[in-house]
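Chain identifiers are assigned alphabetically (A, B, ...) following the order of the sequence lines, protein sequences preceding nucleic acid strands; residue numbering begins at 1 within each chain. Just so it is clear, the structure is predicted and the values come from calculations on it, not from any experiment.
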Amino acid sequence: MTTEDTTTETVAEESSNDPTNDDMLIQTDVSESVSASGTESTRTIVESRNVNVWYDDDQALQDISMEIPENQVTAMIGPSGCGKSTFLRCINRMNDLIDAARVEGELYLGGKNVYDADVDPVALRRRVGMVFQKPNPFPKSIRENVLYGLKVQGIEVDEDEIVEQSLRRAALWDEVKDRLDESGLELSGGQQQRLCIARAIAPDPEVLLMDEPASALDPIATSQIEDLIDDLAEQYTVVIVTHNMQQAARISDKTAVFLTGGELVEFDDTQKIFENPESDRVEDYITGKFG
Amino acid sequence: MATDTRTTVSEGFGEVSRTVGTAFRYLLLAATLVGILAVGVLFVYVGNDAIQPLTADPGWHLTFFLTLVVPTLAVGGVLRARADGSFRVGLESLGLLAVMPLFAGGVATLFLSVLPALVTFSYAVALGLVVATVVALMRSRRVGFGAKLLVVGVATVVSLLFVPGIIQSLPFVPVEWLLVALTLGTPVAAIAGAYATSSWNDRRTGRIAGAAALGGVVAAGLLGSLIGFGGTAATILAAVAGVPVALYAATALDRHPARRDGLLLPLTVVGGMLLGAFLVRTVGFAGPAAWLDWAFLTGPNSITAEDAGIYPALVGSILLMLIVALLSFPVGIGAAVYLEEYAPDSRLAQLIEVNIANLAGVPSVVYGLLGLGLLARMLDEGLPILPAAIADPLGLEPVRVGANLFGIGTVFVGGMTLSLLILPIVIISSQEAIRSVPPSQRQASYGMGATRWQTIRNVVLPKAFPGILTGTILALGRAIGETAPLLVIGAPNQFGLPQELSSRVGAMPLQIYAWATTSGTPEFYAKVIPAGVVVLLVAMLAMNSVAIVLRNRFQS
């Protein structure tokens with residue numbers, strides 16, 4: 001696919017083939033940038049059952065149970081310290097790197113509990129890409145950055161092809177194609193974050209986790225990243241943590257609202273969450289009365 | 001009137017007293033200057049005694065002032081005023097030109113005095129075969145790690161056991177300088193090629209640079225042996241000093257063509273020195289009666305001040321530093337990586353870290369005792385597998401193995417003792433360098449599904465390496481000046497050139513100490529000791545300059 005594809009085109013294209021055509025049109029009318037969600041019957045790829053997380057004696061997550069659908073964008077919102085990033089890091093077991101963290105419960109990725117004793121966290125992370133809050137490219141060339149995952153996984157591929165394909169998907173190719181051997185650190189902040197996204201998708205992961213990927217960027221870079229997430233959702237399951245409620249409303253299909261204490265208060269279609277939430281606390285949070 | 005002035009703006013804010021702050025500031029300045037001035041005065045004093053510049057003809061000074069100082073200042077001033085980076089290029093190339101020949105001299109002493117060219121060459125070939133095996137195996141992905149390790153192990157043993165013998169028994173061997181050129185030139189060419197490949201991003205350029213480096217080294221050797229400079233010396237000079245300087249100049253020229261005028265600075269200095277020397281010789285002005293001259297540098301020690309030279313001590317110091325570097329770097333960096341990356345945050349790890357910090361403060365004479373008791377005795381008498389205390393009551397013979405492996409009071413024991421001495425410093429500075437790698441980089445690597453080992457190798461070590469190297473080189477600078485441990489392990493006061501690892505040798509600080517105590521005539525105090533101190537300081541500063549360059553280059 002090319003980078004010229006815009007969100008609206010994608011929406012129109014998919015809507016025309018969609019049985020729920022009218023719903024889709026209404027949805028785009030209400031909130032133009034909400035991307036085309038698939039049908040209701042999408043498969044669940046990540047499922048958590050009663051996940052609890054403690055940092056030493058502090059409980060960071062309480063009994064989180066949710067089902068994240070495949071090839072959609074799922075947003076997690078909530079005030080600082082509510083555990084949304086912690087939950088994200090449970091999915092690829094990055095919490096294992098913190099000595100103090102303890103995880104209980106079951107978290108299934110593609111039907112397999114990732115906290116089973118026979119799961120190698122390194123092998124798990126090879127199937128789950130991750131993008132962090134602050135752009136963190138390696139002090140290596142752009143090409144080496146993109147190929148890092150393939151290198152550590154020992155996958156032999158046509159390197160030039162993968163580099164071009166990943167950078168195109170991350171909407172960065174046109175800006176860097178003539179300087180692939182320059183250091184990734186010489187790019188601007190927004191470009192660095194797109195490079196990190198290209199790096200994360202180069203090994204073709206099943207799920208892409210994003211931990212506030214645009215919070216350190218300016219508005220223009222942010223909107224580029226948002227457009228990109230929209231495009232990525234066609235091929236990947238994207239789980240994104242964000243502070244920015246407008247951002248969640250714009251780009252996600254499903255939204256999970258975490259509130260203080262590590263509690264998942266509501267998880268539903270984004271549209272429903274923002275227009276007619278079940279819980280008063282969620283409504284208060286979304287309308288700015290709390291949080 | 002009074003009420004008017006009070007309401008004006010200029011007096012409306014009043015004044016805040018800064019007296020205490022100002023006093024504090026100048027006290028701090030004084031504290032800074034005390035140390036620097038004291039050392040500066042010492043340097044001037046010692047340098048004056050060693051070089052004795054005032055004994056030269058005024059004409060000599062004037063000639064060099066006109067040919068060297070004035071043009072250098074003029075060129076430097078112009079370059080600096082242009083502010084386009086060419087001044088920096090000039091300074092860097094001048095620094096390279098000043099320091100690299102010193103390193104070449106150090107390497108040359110080893111090849112000329114200690115290592116027989118053929119033996120060195122044969123072992124270099126054996127090691128080269130091992131390296132070639134490793135490189136060949138690294139390319140293939142089908143062979144498992146265990147199999148690779150086995151092959152490399154077997155290759156190392158076979159190669160080191162048989163190859164040197166075969167080469168040394170060859171009926172025809174090349175002349176000495178050619179052997180040295182191959183021994184030294186091949187790795188230098190490989191490094192030059194790799195550097196050129198990475199800085200021009202082009203394998204062909206890299207290969208050309210490597211070939212040019214090897215060709216240049218061989219050509220220098222041939223030229224040197226033809227004009228009587230000495231083939232081996234010319235080879236080493238070209239390999240250690242010529243290739244890096246040429247590579248730097250080529251990179252500077254190609255990368256920033258606008259800054260190429262910076263290279264005028266070293267040219268001016270070298271040209272000025274040559275012109276000055278030529279003029280002084282033609283006119284017949286007498287130079288300074290320096291004590292620190294070629295004869296002092298390359299002469300053996302003597303009981304008379306006139307004949308005393310520092311060469312054996314210089315070679316001893318270089319050998320010691322070589323062994324200290326080879327022993328302490330891998331062990332120290334390995335320990336630092338383990339403590340930072342692998343060790344769990346347990347009481348034991350904390351205890352170890354606190355103890356390492358304490359060991360860094362243990363007086364060096366204590367390490368000398370350790371070297372004497374543990375290393376020298378044990379290596380002399382052998383490791384007590386069955387000590388006499390247990391064997392005698394049982395009516396058995398005591399069993400010791402490896403007796404007299406390296407002898408006592410030696411290069412090897414001294415090197416090991418000094419390695420132990422600087423090990424805590426190496427560990428601590430390496431730990432700090434590793435700790436300064438941002439956690440976000442590690443997270444990124446782990447997030448991509450890298451193992452701990454892959455993260456350390458690909459992310460942590462490359463980023464921490466300049467810092468590690470800086471710290472370890474500075475630690476090496478401490479080791480070169482240590483006297484007490486060497487005295488305790490029984491290094492002799494009078495010594496000749498070291499011949500092998502078990503030779504009884506000294507080092508420069510020990511030699512200076514010996515001059516000051518046993519031959520303490522006024523003549524020694526006034527001239528020989530200052531000259532020795534200058535040589536020691538120059539050697540130390542040359543080593544530290546590498547650390548400084550590394551820090552400046554990688555900090556930005």
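- A 6.0 Å sphere centred on CZ of Arg435(B) holds more than 12 heavy atoms belonging to other residues, nucleotides or ligands.
- Most heavy-atom pairs under 4.5 Å with chain B, from the set Lys134(A), Gln153(A), Lys140(A): that is Lys140(A).
- Of the atoms belonging to Pro203(A), it is side-chain heavy atoms, and not backbone ones, that fall under 4.5 Å from chain B.
- Within 6.0 Å of CZ in Arg102(A) there are more than 12 heavy atoms belonging to other residues, nucleotides or ligands.
- Atom CZ of Arg203(B) has 12 or fewer heavy atoms from other residues, nucleotides or ligands within 6.0 Å.
- Residue contact with chain B, scored on non-hydrogen atoms closer than 4.5 Å, is absent for Pro121(A).
- Contacts of Val131(A) with chain B are absent, with no heavy-atom separation under 4.5 Å from either backbone or side chain.
- Options Asp99(A), Leu97(A), Asn92(A) differ in how many heavy-atom pairs under 4.5 Å they form with chain B, and the most are formed by Leu97(A).
- Heavy-atom distances place the side chain of Phe132(A), and not its backbone, under 4.5 Å from chain B.
- Asn358(B) CG: more than 12 foreign heavy atoms inside a 6.0 Å radius.
- A side-chain donor-acceptor contact under 3.5 Å links Asn136(A) to the backbone of Ser440(B).
- Of all non-hydrogen atoms in Gln441(B) and Pro137(A), the two that sit nearest each other are NE2-O, 3.0 Å.
- Arg207(B) CZ: 12 or fewer foreign heavy atoms inside a 6.0 Å radius.
- Along residues 442-471 of chain B, the residues that come nearer than 4.5 angstrom to chain A, judged on non-hydrogen atoms, are Gln443(B), Ala444(B), Ser445(B), Tyr446(B), Gly447(B), Met448(B), Gly449(B), Ala450(B), Thr451(B), Gln454(B), Thr455(B), Asn458(B), Val459(B), Lys463(B) in order of number.
- Most heavy-atom pairs under 4.5 Å with chain B, from the set Met130(A), Arg93(A), Glu156(A): that is Glu156(A).
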